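Model, not experiment: these values are computed from the prediction. These numbers come from the heavy atoms of this one structure, side chains and all, not from hydrogens, waters or symmetry mates.
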Amino acid sequence: IRLSLVGSEMCIRDRSLGGRMMLKRYIVVLTAVAVLAASACSTPGKPGNGSPGGPAPSGQADPSALLGSLEGRIGTALEKMDHELASAAGRLAETGLAGPRCREILVSLLDIGPGIVDCAAVSPEGRMVTIEPGEFHEFEGADISNQAQVLELHRTRRPVLSRVFQTVEGFPAVDLEHPVFGREGEPAGSVSLLFRPEEFLAALVEPIVRDLAVEVWIMQTDGRILYDADREEIGRMLFTDPMYQGYPCLLYTSPSPRD
């Protein structure tokens with residue numbers, strides 16, 4: 001059985017803008033393809049495999065129900081993070097982007113979801129003014145104005161969720177970022193939350209599939225594998241990595257790269 005989840009629409013309350021934000025593209029980026037693998041397709045060096053890595057499932061599960069459950073868990077976790085970040089943006093509009101109260105707000109965000117690495121208050125010019133936790137204080141003042149999600153936030157004045165990118169802190173991550181507005185509605189900066197997608201997804205996927213004879217892998221729409229039980233597969237590009245070119249069934253069940 002091979003099922004592909006090629007995106008689902010989800011509305012998330014955007015409190016900082018007072019409207020509703022459609023996260024269809026972002027949900028697609030994070031849950032573009034979840035393959036519940038059977039032995040129909042093998043991958044390099046792993047006979048009988050239906051996913052980029054790991055052993056073939058030996059039993060049965062309801063793939064539609066499982067896929068729906070995973071989609072719900074991932075969506076709920078993103079919703080919570082989005083809600084808390086929107087609330088933090090509102091509070092930072094009152095406290096400013098520096099000082100003890102700002103740090104308290106950033107620290108409070110570090111436990112709102114799995115895989116979170118750091119949170120930053122970012123100036124309107126795109127410099128990280130305040131960062132928590134303390135191990136990342138050395139990056140305060142770093143310029144992130146040329147990062148794709150920051151450019152989009154400045155252009156649209158709306159929250160953004162990035163693809164995986166190489167952060168200035170030195171690791172690949174996803175950035176969820178909300179704008180901060182002044183009392184007159186003018187742009188006053190943003191608040192950024194970085195999380196490692198493999199840790200975020202593992203915390204949501206593994207409790208569901210642990211006792212099932214099924215394997216799940218998740219990738220971005222550009223082919224980058226975000227989660228796999230085989231950690232060595234994470235970060236590989238399905239569409240271009242030579243490791244997968246001899247296995248057209250993997251490419252056939254995957255969507256073409258798109259935005």
Side-chain angles (χ1 to χ4, degrees), residues 1-12 23-43 46 48-85 109-117 161-164 172-174 176 193-236 238 244 249-250 253-255:
I1 299 169
R2 292 195 300 275
L3 294 182
S4 296
L5 173 62
V6 189
S8 70
E9 199 166 274
M10 181 171 297
C11 294
I12 291 182
L23 286 185
K24 181 176 180 180
R25 178 167 71 90
Y26 305 135
I27 298 299
V28 168
V29 167
L30 284 178
T31 63
V33 177
V35 177
L36 309 185
S39 59
C41 180
S42 298
T43 51
K46 299 173 183 177
N49 226 12
S51 75
S58 57
Q60 293 184 351
D62 181 342
S64 296
L66 179 55
L67 201 56
S69 176
L70 291 173
E71 179 186 2
R73 286 172 65 85
I74 293 169
T76 297
L78 286 172
E79 243 184 24
K80 178 182 178 182
M81 289 162 62
D82 180 83
H83 172 84
E84 295 293 340
L85 203 62
L109 294 171
L110 295 174
D111 295 323
I112 63 173
I116 296 173
V117 182
L161 183 64
S162 74
R163 291 174 180 260
V164 176
V174 170
L176 176 59
L193 182 152
L194 289 182
F195 63 95
R196 298 182 189 268
E198 66 276 15
E199 295 180 9
F200 171 82
L201 293 167
L204 300 170
V205 171
E206 290 176 2
I208 296 294
V209 303
R210 183 175 294 121
D211 297 322
L212 298 177
V214 71
E215 184 176 289
V216 173
W217 55 281
I218 301 174
M219 76 175 189
Q220 287 184 157
T221 51
D222 63 0
R224 182 187 181 109
I225 297 172
L226 300 179
Y227 168 78
D228 193 295
D230 182 351
R231 296 297 190 263
E232 293 183 3
E233 306 280 346
I234 294 172
R236 290 185 178 272
L238 180 66
Y244 306 120
C249 53
L250 282 175
T253 57
S254 305

Please report the shortest heavy-atom distance between [X] and [Y], naming the atom on each side.
| X | Y | result |
| --- | --- | --- |
| S162 | V174 | O-CG1, 3.3 Å |
| L70 | L204 | CD2-O, 4.3 Å |
| M81 | F195 | CE-CD2, 3.5 Å |
| L109 | E84 | CD2-O, 3.8 Å |
| R231 | A202 | NH2-CB, 3.8 Å |
| L226 | I234 | O-CG2, 3.7 Å |

Polar side-chain atom of Q220 near backbone of V164 as donor-acceptor pair, under 3.5 Å: yes

Criterion side-chain contact (heavy atoms from CB on, under 4.5 Å) on W217 and D230, from CA distance to verdict: CA-CA 9 Å; W217 55 281; D230 182 351; over 6 Å; no

By salt bridge (Lys or Arg N to Asp or Glu O under 4.0 Å) - contacts of R196 (at least two apart): E199

Partners meeting salt bridge (Lys or Arg N to Asp or Glu O under 4.0 Å) with R73 (sequence neighbours left out): none

From [atom1] ([X]) to [atom2] ([Y]), nearest 0.5 Å:
| X | Y | atom1 | atom2 | answer |
| --- | --- | --- | --- | --- |
| I218 | I225 | CD1 | CD1 | 11.5 Å |
| I112 | L193 | CD1 | CG | 5.0 Å |
| L78 | L176 | CG | CG | 7.5 Å |

R224 side chain reached by P197 side chain, heavy atoms, under 4.5 Å: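 No. Closest side-chain heavy atoms not under 4.5 Å.
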
